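This report refers to the structure that appears directly beneath it.
For clarity, every value in this text was computed on a predicted model and none was experimentally measured. Indexing begins at 1, ligand by ligand and atom by atom, following the structure's order.
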Amino acid sequence: MTTKTAWITGASSGFGAAAVERFVAGGWRVIASGRRMERLQPLVARHGAGRVHAAAFDVRDEAAMRAAHAALPSAFADIDLLVNNAGLALGTAPAQQASLEQWKQMIDTNVTALVSLTHLLLPQLIARRGAIVNVSSIAGSYAYRGGNVYGGTKAFVTQFSQNLRTDLHGTGVRVTSIEPGMAETEFTLVRTGGDQAASDQLYAGAQPITATDIADTIWWIANLPPHLNINRIEVMPVSQSAAGLQVHRN
Ligand code: NDP
Ligand code: 8X3
């Protein structure tokens, strides 16, 4: 059987790091990208340079993204799967108190970078009848206080995934939007600017989704028979569910 290659963004932490482990264990080659090389290098050391290629760059830097693509070793050049996972939420404040800089960083990372890498890899994904798994969020479907631009970026990811699927009709390329709920990773640490107590408090007693749960879901999606496409998949911990609307009264 030929060895397949996945490019997993956001591989230095959380879902992405767990997905690297899952795909390498399953016999795939993985291009692991993220900004923190010190987190990517141990993956190469653990699995070998023939199995994992580390590409450290900021996804918001399109030139760096193109350079990383152009510099792929030949064994990693034929990409079968793109996992667009790099992303972040910044801040929990309501829109009227939020930072415009943080809003722009979320849009640049979660939206602009995601479409840029997709655009770059589409020709070869089509040539190889490959697949794209976009990591969206329940925040794109359910409004919650402080979700403002983060939720907006994820609604984009979900809808972009569905529109991609329509445009790719007949190419054999599969596209999935995976929409997790509350998962314990570095996500809340990043969102709160490093507030470990806030992160611990959010997840305490809730038995949240783990990074491995999402890695296993991505693995399952990628390894379904080629005539099947999971369009959207929403995953929540049993402890989380939607709660209704609010009414303000004078
Ligand atoms: P983590 O913070 O643990 O991981 C985020 C990853 O994204 C890191 O590897 C980080 O790498 C990478 N990343 C962020 N910004 C950039 C950038 N500018 N350039 C390159 N890489 C970047 O969080 P999760 O694993 O939880 O998040 C992964 C995805 O899942 C995100 O898109 C998030 O929105 C989504 N998600 C998370 C949920 C959760 O509750 N945890 C639920 C639903 C969706 P580095 O810092 O090294 O650059
Ligand atoms: C992150 C999940 O529930 O915090 O995308 O919005 S949630």
Side-chain angles (χ1 to χ4, degrees), residues 7-22 30-43 54-65 68 83-92 102 104-114 116-117 133-158 160-161 177-194 198-199 202-203 206-215 217-218 232-237 239-243:
W7 187 330
I8 301 173
T9 69
S12 53
S13 172
F15 299 163
V20 173
E21 299 300 334
R22 187 67 195 83
V30 176
I31 301 156
S33 65
R35 287 167 298 184
R36 289 170 290 178
M37 186 50 123
E38 72 276 14
R39 293 284 194 94
L40 302 174
Q41 202 52 53
L43 302 173
F57 65 95
D58 187 323
V59 284
R60 294 169 294 169
D61 181 343
E62 199 185 325
M65 178 187 289
V83 181
N84 272 318
N85 165 72
L88 77 178
L90 292 171
T92 54
Q102 290 189 333
K104 287 180 178 173
Q105 186 176 344
M106 288 188 277
I107 294 166
D108 291 346
T109 308
N110 301 357
V111 175
T112 309
L114 182 145
S116 301
L117 187 57
V133 175
N134 289 328
V135 181
S136 180
S137 168
I138 61 160
S141 302
Y142 303 92
Y144 63 83
R145 285 170 180 264
N148 45 69
V149 166
Y150 177 67
T153 65
K154 293 304 187 178
F156 176 92
V157 173
T158 296
F160 177 58
S161 306
S177 167
I178 176 165
E179 297 153 28
M182 184 173 64
E184 187 166 9
T185 60
E186 293 179 14
F187 179 83
T188 300
L189 266 184
V190 171
R191 185 172 209 166
T192 59
S199 179
L202 179 66
Y203 303 122
Q207 204 173 349
I209 297 169
T210 67
T212 304
D213 294 330
I214 297 303
T217 307
I218 296 170
R232 294 178 65 171
I233 181 165
E234 188 178 281
V235 185
M236 284 189 194
S239 62
Q240 185 179 39
S241 61

Under 3.5 Å, side chain of R191 to main-chain N/O of L90, donor-acceptor pair present?
-> no
Atom 18 (N) of ligand 1: closest protein heavy atom, distance to 0.1 Å, is D58 OD1, 2.9 Å
Atom 42 (C) of ligand 1 sits nearest the protein heavy atom G181 O, 3.1 Å
Any heavy atom of R39 under 4.0 Å from ligand 1? The part involved is neither
If you scan protein heavy atoms around atom 9 (O) of ligand 1, the nearest is S12 OG, 2.7 Å
Proximity flag Q105 to ligand 1, non-hydrogen atoms under 4.0 Å
no
N85 heavy atoms within 4.0 Å reach ligand 1 at atoms 28 (C), 29 (C), 30 (O), 31 (C), 32 (O)
heavy-atom search around atom 5 (C) of ligand 1 in the protein gives G87 O, 3.7 Å
request  = Mark the output for Q240 as yes if a heavy-atom distance to ligand 2 is under 4.0 Å, and as no if none is.
outcome  = yes
Item checked: Test of proximity, E184 against ligand 1: N or O pairs below 3.5 Å -> no
Please confirm whether G16 comes within less than 3.5 Å of ligand 1 when only nitrogen or oxygen atoms on both sides are compared.
no
Note to self: Please determine whether any non-hydrogen atom of P208 lies less than 4.0 Å from an atom of ligand 1.
What the structure shows: no
min-distance protein heavy atom vs atom 24 (P) of ligand 1 -> T185 OG1, 3.4 Å
Looking only at protein heavy atoms, what sits closest to atom 48 (O) of ligand 1 is R35 NE, 2.6 Å
Exercise for the section: May I ask you to check whether S137 has an N/O atom sitting below 3.5 Å from an N/O atom of ligand 1? Expected result: no
Fill in: Min N/O separation F15 to ligand 1 under 3.5 Å
yes
Candidates Y144, Y142, F187; heavy atom nearest atom 1 (C) of ligand 2 found on F187
- Message: Y203 versus ligand 1: do any nitrogen or oxygen atoms come within less than 3.5 Å of each other?
- Response: no
message: Any atom of ligand 2 sitting under 4.0 Å from a heavy atom of Y150?
response: yes
Under 4.0 Å between heavy atoms, the region of A139 that gets near ligand 1 turns out to be neither
Rounded to the nearest 0.5 Å, the CZ atom of R60 sits from the CZ atom of R35 at a distance of 5.5 Å
Short version for F57: what comes under 4.0 Å of ligand 1, heavy atoms counted, is backbone
If we number the atoms of ligand 2 from 1 as shown, the ones under 4.0 Å from a heavy atom of I138 are 3 (O)
Per-atom filter on ligand 2: closer than 4.0 angstrom to a heavy atom of A139 are 6 (O)
With heavy atoms and a 4.0 Å threshold, my read on which part of T109 contacts ligand 1 is side chain
Note: ligand 2 atoms sitting under 4.0 Å from heavy atoms of S137 are 1 (C), 2 (C), 5 (O), 6 (O)
*Strictly under 4.0 Å, does any heavy atom of A211 approach an atom of ligand 1?*
no
